[in-house]
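What you see is a predicted model; the values in this text were computed from it and never measured. FYI, side chains are in, hydrogens and waters are out, and symmetry mates aren't considered; it's all heavy atoms of this structure. Throughout, numbering of the chain's residues begins at 1 and tracks the sequence.
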Amino acid sequence: MHPERGGFDEGELMIPAQCSLRLVGRSAKPEGTEIEVRDVRIGGPEVIVFAGPCAVESEEQLISTARAVKASGAKILRGGAFKPRTSPYSFQGLKRDALRLLSQARVETGMPVVTEVLDSRQLDLIAEFADILQVGSRSMQNFPLLEEIGRSRKPVLLKRGMSATIEEFLLAAEYVMKGGNNQIILCERGIRTFEISTRNTLDLNAVPMLKRLTHLPVIVDPSHGTGHWWMVPQMAKAAIAVGANGLLIEVHCNPQDALSDGAQSLRPDRFDRMMHELRAVAAAVGMEMPAPATVPG
Ligand code: PEP
Ligand code: MN
């Protein structure tokens, strides 16, 4: 506490809406929230890694990637079915076919799956297939979508808007929780700054700030946060060092042929190396990396 600031510290002064964080604010649940998805616990002592391709492209691509990331210790499979692309001429995702492939991958690997909901009209369809609903950066302030997702009973992966302040991010989570859904995982995925050598600026300040202000688990996405596959392992280590509960990592067997985000996607061998290297960092901050898994078949 700083005596000249009337008993508030800087972190508190920076967030004028703190009193509006009735449900997501740390004081609503000082012990922190753990979210259970099948046999995975997010927000506990383990670093939970969400991994998979940016977009589901084919059965071969998804299943081989899912098997590889599971064997390296990833716990949740990601894959876009409905893709929010900047250009309307870019690959928009395999949509329903991708949802079917994601549930096939879940059956074959036992991993829960996460995929993005772009529009509240897709919610029922996606909720039939996905274990976790992703709200993307571009949708973080789609308030009707947040309200719909708030009525769902599926866990939510809420990504920070690329131009959203931490306060706006937490108020978006408050919308979801106000609707009755308290299973929210926050994801720092980089923000827009004047810097253009990286796709975004990964805001690792956000991790300790969010952990202080809210009881929700926080994960970090260094793939979108940097835009460069070769930066991903280093920023992943940094994210764990500053207290993230997990990571979201894009992985592709042939990044040069990927239909989206190939430049930031790790090959499975590099992903595996990163998972090994994360072990020492996790241990240094009192966290555990899950053991590599055997994949049946
Ligand atoms: C994604 O995870 O593939 C994605 C589109 O991310 P973001 O919404 O953070 O851009
Ligand atoms: Mn992507």
- line: Residues at least two apart in sequence or cross-chain that pass side chain to side chain donor-acceptor pair (under 3.5 Å) with K83, listed by chain then number, are none
- request: Could you tell me whether D124 atom CG has more than 12 heavy atoms of other residues or ligands within 6.0 Å of it?
  value: no
- line: Rounded to the nearest 0.5 Å, the CG atom of L77 sits from the OG1 atom of T65 at a distance of 8.5 Å
query: Can you find a pair of side-chain heavy atoms, one from D261 and one from W229, that are under 4.5 Å apart?
result: no
- request: Report the residues that fulfil salt bridge (charged side-chain N to carboxylate O under 4.0 Å, His left out) with D131, sequence neighbours left out, ordered by chain and then residue number.
  value: R38, R106
- request: Report yes if some heavy atom in the side chain of T115 is under 4.5 Å from a heavy atom in the side chain of R78; otherwise report no.
  value: no
Acceptor/donor pairs from residues 282-292 side chains to any protein atom, 3.5 angstrom cut, sequence neighbours excluded:
none

- request: Determine whether F129 and R100 make a side-chain contact, defined as any pair of heavy atoms from C-beta on separated by less than 4.5 Å.
  value: yes
message: Tell me if a side-chain donor or acceptor on K95 pairs with a main-chain N or O of A81 at a distance below 3.5 Å.
response: no
message: As a quick check of understanding, evaluate side-chain hydrogen bond (donor to acceptor under 3.5 Å, both in side chains) for N245 and K211, giving each step before the final call.
response: CA-CA 10 Å; N245 297 102; K211 300 291 296 180; 2.6 Å; yes
message: Rounded to the nearest 0.5 Å, what separates atom CD1 in I63 from atom OG in S58?
response: 9.5 Å
message: With clusters defined by side-chain heavy atoms of hydrophobic residues (ILVMFWY) lying less than 4.5 Å apart, directly or transitively, does I219 cluster with L266?
response: no
query: Going by heavy atoms in the side chains, are H224 and K159 under 4.5 Å from each other?
result: yes
task: Start with the C-alpha gap between M274 and V232, add the side-chain angles, then the distance that decides, and say whether side-chain contact (heavy atoms from CB on, under 4.5 Å) holds.
output: CA-CA 9 Å; M274 177 194 79; V232 168; 4.3 Å; yes
- request: Quick one: pull up CD1 in I249 and CD in Q264 and give me the separation to the nearest 0.5 Å.
  value: 10.5 Å
By ring-ring contact (aromatic ring centres under 6.0 Å, His included) - contacts of F82 (at least two apart): none
query: Distance from E250 atom CD to C54 atom SG, nearest 0.5 Å?
result: 4.0 Å
- line: When every non-hydrogen atom of P84 is compared with those of L118, the smallest separation belongs to CB-CD2, 3.5 Å
- prompt: Just by distance, do the side chain of N181 and the backbone of I149 share a donor-acceptor pair under 3.5 Å?
  reply: yes
statement: What one should report as the nearest heavy-atom pair of R85 and S260 is NH1-CB, 3.2 Å
Exercise: identify the closest heavy-atom pair between M140 and A164: CE-CB, 3.5 Å
- request: Please check if the side chain of N142 supplies one atom and the backbone of L145 the other of a donor-acceptor pair under 3.5 Å.
  value: yes
message: Whether the side chain of N254 engages the backbone of Q256 through a donor-acceptor N/O pair (distance < 3.5 Å, no angle test) should be reported.
response: no
message: If we ignore hydrogens and angles and just use 3.5 Å, is the side chain of R199 paired with the main-chain N or O of G227 as donor and acceptor?
response: no
- prompt: T198 side chain to T201 main-chain N or O, any donor-acceptor pair under 3.5 Å?
  reply: no
message: I'd like to know if the side chain of H228 and the backbone of S223 have a donor-acceptor N/O pair within less than 3.5 Å.
response: no
task: Mind listing the closest non-hydrogen atom pair of L259 and E57 along with its distance?
output: N-OE2, 2.8 Å
message: If hydrophobic clusters are built by linking Ile, Leu, Val, Met, Phe, Trp and Tyr wherever their side-chain heavy atoms come under 4.5 Å apart, do V24 and L133 end up in the same one?
response: yes
statement: The salt bridge (charged side-chain N to carboxylate O under 4.0 Å, His left out) partners of R121 (sequence neighbours excluded) come to D119
message: I'd like to know if L213 and V176 are part of one continuous hydrophobic network [Ile/Leu/Val/Met/Phe/Trp/Tyr, side-chain heavy atoms within less than 4.5 Å].
response: yes
query: Is a salt bridge present between D203 and R160, judged by a nitrogen-to-oxygen distance below 4.0 Å?
result: yes
message: Quick one, R41 with E46, criterion side-chain contact (heavy atoms from CB on, under 4.5 Å). Give me CA distance, side-chain angles, the key distance, then yes/no.
response: CA-CA 8 Å; R41 281 180 94 79; E46 260 191 354; over 6 Å; no
- request: Test S197 against E195 for side-chain hydrogen bond (donor to acceptor under 3.5 Å, both in side chains), laying out the working first.
  value: CA-CA 6 Å; S197 68; E195 181 52 62; 2.9 Å; yes
query: Same cluster for V135 and I166 if Ile/Leu/Val/Met/Phe/Trp/Tyr side chains link at under 4.5 Å?
result: yes
task: Identify the heavy atoms of P112 and V40 that sit nearest to each other, and give their distance.
output: CG-CG2, 4.1 Å
message: Hydrophobic clustering (ILVMFWY, side-chain heavy atoms < 4.5 Å, transitive) - are I76 and L102 grouped together?
response: no
Criterion side-chain contact (heavy atoms from CB on, under 4.5 Å) on I35 and I185, from CA distance to verdict: CA-CA 8 Å; I35 294 170; I185 303 147; 3.7 Å; yes
- prompt: Looking at side-chain heavy atoms only, is the closest gap between L210 and L216 below 4.5 Å?
  reply: no
- request: Count the heavy atoms of every other residue, nucleotide or ligand shown that sit under 6.0 Å from NZ of K178, and state whether that count exceeds 12.
  value: no
task: Return the minimal non-hydrogen interatomic distance between K29 and H215, and the atom names on each side.
output: O-CB, 3.1 Å
query: Can you name the side chain to side chain donor-acceptor pair (under 3.5 Å) partners of S152, sequence neighbours left out?
result: none
message: Using side-chain heavy atoms (C-beta onward) and a distance below 4.5 Å, is R22 in contact with E174?
response: yes
query: Where the side chain of E188 meets the backbone of L186, is there a donor-acceptor pair that is under 3.5 Å apart?
result: no
field: Spatial distance of atom CG (L157) from atom CD (Q183) [nearest 0.5 Å]
entry: 13.0 Å
query: Is there side-chain contact between L247 and L278, with heavy atoms separated by less than 4.5 Å?
result: yes
task: State whether the side chain of T226 and the backbone N or O of P222 hold a donor-acceptor pair below 3.5 Å, judged by distance alone.
output: yes
query: When rounded to the nearest 0.5 angstrom, what is the spacing between CE in M177 and CG in L170?
result: 10.5 Å
task: Using the side-chain contact (heavy atoms from CB on, under 4.5 Å) rule, take K237 and E277 through it: C-alpha gap first, then chi angles, then the decisive distance, then the call.
output: CA-CA 8 Å; K237 286 176 210 164; E277 291 170 359; 3.0 Å; yes
message: Could you tell me if the side chain of R189 sits less than 4.5 Å from the side chain of L248, heavy atoms only?
response: no
